[in-house]
2 protein chains.
Amino acid sequence: MEFKEAKNKFVQTWGALGSQWGINKTMAQIHALLMISNEPVSMEDIMEELQISRGNTSMNLKALMDWGIVYKEYKAGERREFFTAEKDLDELAVKIARERSKREIKPALKILKEVSTIDVSNSAEEKHFVDQTSKLYDFVLKADNMLDKMTEFNENWLGRLVLKIMK
Amino acid sequence: MEFKEAKNKFVQTWGALGSQWGINKTMAQIHALLMISNEPVSMEDIMEELQISRGNTSMNLKALMDWGIVYKEYKAGERREFFTAEKDLDELAVKIARERSKREIKPALKILKEVSTIDVSNSAEEKHFVDQTSKLYDFVLKADNMLDKMTEFNENWLGRLVLKIMK
DNA sequence: ATAAACTTTCATTTATTTTTGAAAGTTTAA
DNA sequence: TTAAACTTTCAAAAATAAATGAAAGTTTAT
């Protein structure tokens, strides 16, 4: 396989993986493209490479920056903007985890808490509901806290050092 | 909040969470409904409760059974089929993790391996590509193995015992 | 202050995914 | 073996999500 083919295959695969996990295909593809670029890429280049419109590119770059996994860069003497991706994979994982937790898990937890704390009659059905949703609340909370712990650990310099050494 | 309202809120929330993670809404809603049911539920009941068609119900129940998180049950003297969800959350997590690994992660890993092992010229661009995709391969492999280890641990009876005691 | 170079926004179009429902298939009881 | 009771399939329709592109907005150089 030659480079160009491999590059394309990687971008397509990353895009497909993204959509299976609820991230829009183009967003994942742009991210893939930036990840494997050794230098900042302009909007024009992204449009050209992925054959997508300016608007689409702009919106998805914005989304990637909101997730904190793509950065804007300015080149001296260049008017236009360039973009780079976070390339440290631990950092990337932490940022994605934190963002999904904030946007999706935390709000779901709030609802789980609400519905699991209703007053119920003593019908078996209602008791089971409270029991099961409470368990679910505890489970999700525990899993989410684990993520938090991991991200904290990754932010703390000693932790980072340990990780680096372990690699 | 009264029971019926809480139940509905839970089903809607679980459905929304599902779609954010690439699982179709109805599939997640049916699963939610079965999770909080203290007894097996018929197809008719699911259709009624979620206001969806017979075909939709049938297909999504099949998908849930393929994932191994919903089971068919037969009641003595009843012609129609009933359904129950896996209610043990550790078991549920393991099954979802295993299935997503098999369907999505493993195939992606295969591609990552392919593209990260191409022969490249010594251009910085191509070197960076191989370097970055190799790192990604290692990273994803490590994460996926971690899941495998967790599922193995969960299947082994001693591990289960330890988990039970820890709870 | 003006205009060129560039980016963002958002109403409309397009593509993708999900749902429907009727026909085909299956199982069971008599 | 027949028919009633039930489930599955799948082509077509509907709903949802994503992409386009032109107009509006912004920044920078002169």
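The sequence lines fix the lettering, A, B, ..., with proteins before strands; numbering per chain opens at 1.
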Would the B:Phe3 and A:Phe129 ring centres measure less than 6.0 Å apart?
-> yes
Using a cut-off of 6.0 Å, state whether more than 12 heavy atoms not belonging to A:Lys87 lie near its atom NZ.
-> yes
What do you reckon, are the aromatic ring centroids of A:Phe83 and A:Tyr71 less than 6.0 Å apart?
-> no
Using heavy atoms and a sub-4.0 Å distance, could you list which residues of residues 43-55 of chain B are near DNA chain D? By number, please.
-> B:Met43, B:Arg54, B:Gly55
Dump the intermediate steps for salt bridge (charged side-chain N to carboxylate O under 4.0 Å, His left out) on A:Arg80 and A:Glu78, then the final yes or no.
-> CA-CA 6 Å; A:Arg80 66 220 155 112; A:Glu78 280 269 19; 3.3 Å; yes
Any A:Asn60 side-chain N or O less than 4.0 Å from OP1/OP2 of D:dA18 | no
Identify the 5'-most and 3'-most nucleotides of DNA chain C with at least one atom closer than 4.0 Å to a non-hydrogen atom of chain A.
-> C:dA4 to C:dC10
Send over the distance from B:Asn56 CG to D:dA11 P, rounded to a whole Å.
-> 17 Å
Check every strand shown and say whether B:Arg80 touches a base, only sugar-phosphate, or nothing at a heavy-atom separation below 4.0 Å.
-> sugar-phosphate
For residues 13-22 of chain B, which residues have at least one heavy atom under 4.0 Å from DNA chain D?
-> none
I would like to know whether B:Lys9 and B:Glu5 meet salt bridge (charged side-chain N to carboxylate O under 4.0 Å, His left out); could you show each step before the answer?
-> CA-CA 6 Å; B:Lys9 204 164 188 176; B:Glu5 192 190 344; 5.5 Å; no
Do A:Ser42 and A:Asp45 have side-chain atoms, one donor and one acceptor, less than 3.5 Å apart?
-> yes
Contact check, side chains of B:Trp14 and B:Leu33, non-hydrogen atoms, under 4.5 Å | no
Using a cut-off of 4.0 Å on non-hydrogen atoms, how would the nucleic acid contact of A:Lys25 be classed: base, sugar-phosphate, or nothing?
-> nothing
Within 45 degrees of the axis of the six-membered ring of A:Trp67 and under 6.0 Å from its centre: does A:Arg98 put its NZ or CZ there?
-> no
List the steps, then state whether salt bridge (charged side-chain N to carboxylate O under 4.0 Å, His left out) holds for A:Glu49 with A:Lys7.
-> CA-CA 11 Å; A:Glu49 192 103 31; A:Lys7 182 173 170 180; 3.3 Å; yes
Measure from CD on A:Glu78 to P on D:dA29 and round the result to the nearest Å.
-> 12 Å
Just by distance, with hydrogens left out, do A:Asn60 and A:Thr26 show a side-chain donor and acceptor under 3.5 Å apart?
-> no
Nearest heavy-atom contact between B:Met27 and B:Ala63 is SD-CB, 3.9 Å
